[in-house]
2 protein chains.
Amino acid sequence: MTDVLPLGSTIGILGGGQLGRMLSVAASRLGFRTHVFEPGANPPAADVAHALTTASYEDTEALKAFAASVDVVTYEFENIPTSALDVIEALKPIRPNREVLRISQDRLTEKDFLTGLGLTTAPYADVPDLAALEQALADLGAPAILKTRRFGYDGKGQVRITDATQAAQAFAEMKGAPAILEGFVDFTMEISVIAARGLDGSVACFDPGRNVHREGILRETTVPAGIPARLRTDAIILAGRILNALDYVGVMGVELFVTPQGLLVNEVAPRVHNSGHWTQNGCATDQFEQHIRAVTGWPLGDGSRHSDVVMQNLIGDDMDEVPTLAARPGTALHLYGKAESRPGRKMGHANHVKPQQA
Amino acid sequence: MTDVLPLGSTIGILGGGQLGRMLSVAASRLGFRTHVFEPGANPPAADVAHALTTASYEDTEALKAFAASVDVVTYEFENIPTSALDVIEALKPIRPNREVLRISQDRLTEKDFLTGLGLTTAPYADVPDLAALEQALADLGAPAILKTRRFGYDGKGQVRITDATQAAQAFAEMKGAPAILEGFVDFTMEISVIAARGLDGSVACFDPGRNVHREGILRETTVPAGIPARLRTDAIILAGRILNALDYVGVMGVELFVTPQGLLVNEVAPRVHNSGHWTQNGCATDQFEQHIRAVTGWPLGDGSRHSDVVMQNLIGDDMDEVPTLAARPGTALHLYGKAESRPGRKMGHANHVKPQQA
C-alpha cells in the first residue's frame with residue numbers, strides 16, 4: 001500500500017454537520033483523528049472530533065492553519081467556496097479532487113459531464129435569460145422544474161412550472177441566479193447507488209437502495225430495492241463509469257430514476273450520502289468508513305450487505321418518535337446531537353434491520 | 001420513560017482508554033455528549049469525546065468541576081479510588097452504583113458475594129499471611145493461583161503455585177498486598193455473557209461467546225459459542241441473577257467456566273468487556289450503546305445476534321497484520337488510536353463476520 005496514511009494521521013473535514021460527525025466516528029475506528037472546519041457554532045461533528053476550527057471559508061489564515069494541522073482534506077458537502085479550496089490545495093491533498101467539486105457544484109456542468117459520458121439524464125436546458133426559459137419550456141414541455149445551477153440541496157432553489165405562462169414569475173424567483181430548466185421524467189422509482197473508489201482505482205458499490213422523498217427531502221431508503229438483477233447491475237456499472245471518468249477517490253452518492261427506458265441519472269453527490277446511511281447496520285464496512293478508507297489510501301472494505309434494512313430519516317418533529325423507536329426491536333438509532341429541532345431539519349435517522357432467517 | 005436523560009445531555013466517563021473511546025462513539029449515536037476524565041496523556045477516548053479533563057483521581061477540584069459539567073457518571077474500569085467516587089457521588093449519580101464497585105474491586109469480596117448468591121466459583125481462600133496460604137494450599141491442593149485481592153487485570157498480580165514448597169516465595173511476590181488463593185478448575189472452555197440491566201430493571205443479555213486467552217490476555221471470542229442450548233440458558237439466567245442482586249444499571253461482563261459439573265463464575269467486570277466487542281458487528285445494538293442506554297435511562301436496545309462473529313484482539317505486534325486484515329472480506333477493524341505499540345498492549349480488534357447464507 002503506497003500513499004497510505006499512517007495510523008494516527010489526522011483527516012481534515014470541511015463541514016461539521018451529521019455527515020462529518022459520522023465520518024469522524026468511522027475515522028476513529030481505523031485509528032485516525034479528525035479535525036473539523038466549520039463556520040457555524042456547535043457543529044454536530046465536534047462532539048466526536050479531535051479538533052475543531054470555527055472560522056469562515058474566507059478566513060485564509062484559519063484555512064492555512066487547518067491545512068497545516070492535517071494530513072489529507074475531505075469534505076461533507078460540495079458547495080465549498082473555490083477560494084477556500086485554493087488555499088488548502090496548496091498545502092494538502094483534497095480528496096475527492098477539485099475537478100469533481102467543479103462539476104458537481106453546477107447542475108449544468110454536471111449534466112453536460114454525465115451526458116458527455118453517454119449517460120442519460122432528465123432533459124435539460126441552460127436558461128441564461130427569460131427568452132431562453134421560454135424556448136426551453138417550448139422544447140421540454142410543462143410541467144418542468146427551474147433550478148439554480150449552484151448551491152441547491154434538499155429541494156431548495158427550485159420552482160416547479162406547470163404552465164408556460166408562469167415562466168416570467170418563476171424566472172424572477174431565481175433572483176438573477178444562473179439556472180437550468182429540467183423536464184419532467186416519468187419514473188417508476190428513485191434508487192441510489194453509493195459507490196466508492198480507492199486511491200488504487202479499485203471500485204466497490206453498495207447494494208442500490210430505493211428512495212422515497214417528500215417535499216424534496218429524502219424520507220426513506222429501502223434495501224434491497226426490489227429491482228430486477230439486470231437493473232441492479234446496470235446501476236453499479238453506471239456508477240463505476242462516473243467514478244473512473246473523474247479519477248474519483250472517496251464515496252459518491254448517485255441518484256437514479258428507474259424509467260421504462262432504463263436508468264436515468266438524477267444527480268450525483270461527491271460525498272457520503274443520506275441514502276447510504278443504511279450501510280451502518282447492513283454491512284461490515286459502512287459508507288463512512290469506506291470514504292475514510294479511500295481518502296487515506298486504505299483498501300476498500302467489504303460493503304456486502306448482511307441484512308435487509310429500511311432507513312427512516314428523522315426530520316423536525318419526527319424526533320417525537322424517538323422514545324418509540326428506541327424500544328423497537330431491530331431498530332438502530334443514529335441521532336445527530338442537534339440542540340434545536342426545526343421543520344425540515346435532519347435530526348437523525350433510524351435503521352430498521354429485518355431479522356435474519358434462523 | 002422517567003429519569004431519562006434528555007437528548008444533548010453529557011455523560012461523564014471515568015477512564016479514557018479504548019472502552020471509553022467506544023462508549024463515547026455509542027453515546028454520540030444517541031445524541032449524547034461525553035466528557036472523559038483521565039489522568040494519562042493522549043487518552044484514546046479523547047479523539048471522540050466532546051470534552052477531556054486531564055487530572056489525577058486525587059485532584060478534588062478537578063473531580064468537582066468534572067461532576068458539575070456532566071449529567072451522569074459512568075466508568076470504563078473498576079479500580080477507581082474510593083475517595084474520587086465520594087467526591088463525584090455527592091454531585092451526580094454514578095452508574096453502575098458504588099456497591100458494585102466495592103464488590104468488584106476485591107476478588108475476595110466478589111467471590112463471597114457470588115457464592116452468597118448460591119453460584120459456584122473456583123475454590124478459594126483468604127490468605128492474610130503465609131500460614132493461611134500454606135493451609136489453603138493443603139485444602140485446595142496444587143496447582144493453584146495466588147492473586148492480589150485488588151487491582152488485578154489481564155493476568156497481572158498473579159502467581160501460579162505448582163507445588164506447596166513455593167508458598168513462601170509466591171507470598172513474597174505479593175509484596176504485602178492482600179491476596180487470595182484460587183484452586184485450579186478443570187474446565188472445557190471459558191465463555192462470557194455480556195449482560196445489561198436498564199434503569200427500569202429490565203435485563204437483556206447478548207449471546208454468550210467462547211473466549212480464548214493466552215498469557216492471561218483475551219485473544220479471541222467466538223459467537224455462537226458452540227455450547228448446548230441448556231448451558232446457554234443457564235449462563236443467561238445466572239448473569240441476570242447477579243445483575244438483579246446488585247440493582248445493577250449498565251453492562252456487565254460475566255466470565256464463566258464450562259465444567260463437567262456445570263457453569264462456574266470466573267469473574268465479573270462491572271463495565272463493557274473485551275469479550276463483548278463482537279457485538280459491534282453482530283447486533284443492531286452493541287454493548288457500548290447498551291451501556292449508554294442503561295446509564296441514561298433509555299430502554300435497552302435489541303442485542304439479538306444477526307451474524308456469526310469471531311473477534312480477534314490485536315495485541316502489540318499483531319498490528320503488523322492490519323494491512324492484511326484491512327483487505328479481508330467480512331472483517332471490520334476497530335483500532336484504538338494508540339500512538340505506541342508495546343508487547344501485551346491492546347491496540348485494536350478485528351471482528352470477522354461470517355457471510356450469511358443467501
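Only this structure's heavy atoms are used, side chains among them; waters, hydrogens and symmetry mates stay out. Lettering follows sequence order; numbering is per chain, from 1.
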Does one side chain, of [X] or [Y], offer a donor that lies under 3.5 Å from an acceptor on the other?
X      : Y      : result
A:H334 : A:N281 : yes
B:H291 : B:T74  : yes
B:Q18  : B:H349 : no

Which atoms of [X] approach chain B - backbone, side chain, both or neither, heavy atom under 4.5 Å:
X      : result
A:S28  : both
A:L7   : side chain
A:M319 : side chain
A:A327 : both

Query raised in the report: If you count heavy-atom pairs under 4.5 Å with chain A, which of B:T331, B:D302, B:L335 comes out on top?
Result: B:L335

Query raised in the report: When you measure from the side chain of A:Q287 to the backbone N and O of A:H273, does any donor-acceptor pair fall under 3.5 Å?
Result: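 Confirmed, A:Q287 side chain pairs with A:H273 backbone.
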
Query - Min side-chain heavy-atom separation B:D207-B:R232 under 4.5 Å - result: yes

**Report entry** Distance (rounded to the nearest 0.5 Å) between B:R21 CZ and A:R29 CZ
**Finding:**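 Atom-to-atom, B:R21:CZ and A:R29:CZ are 10.5 Å apart.
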
Report summary line: With chain B, the option among A:G8, A:G330, A:A332 that has the most non-hydrogen atom pairs under 4.5 Å is A:G330

Requested in this report: Against chain B, work out which of A:V25, A:T285, A:L52 has the most heavy-atom pairs shorter than 4.5 Å and name it.
Outcome: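 Answer, by heavy-atom pair count under 4.5 Å with chain B: A:V25.
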
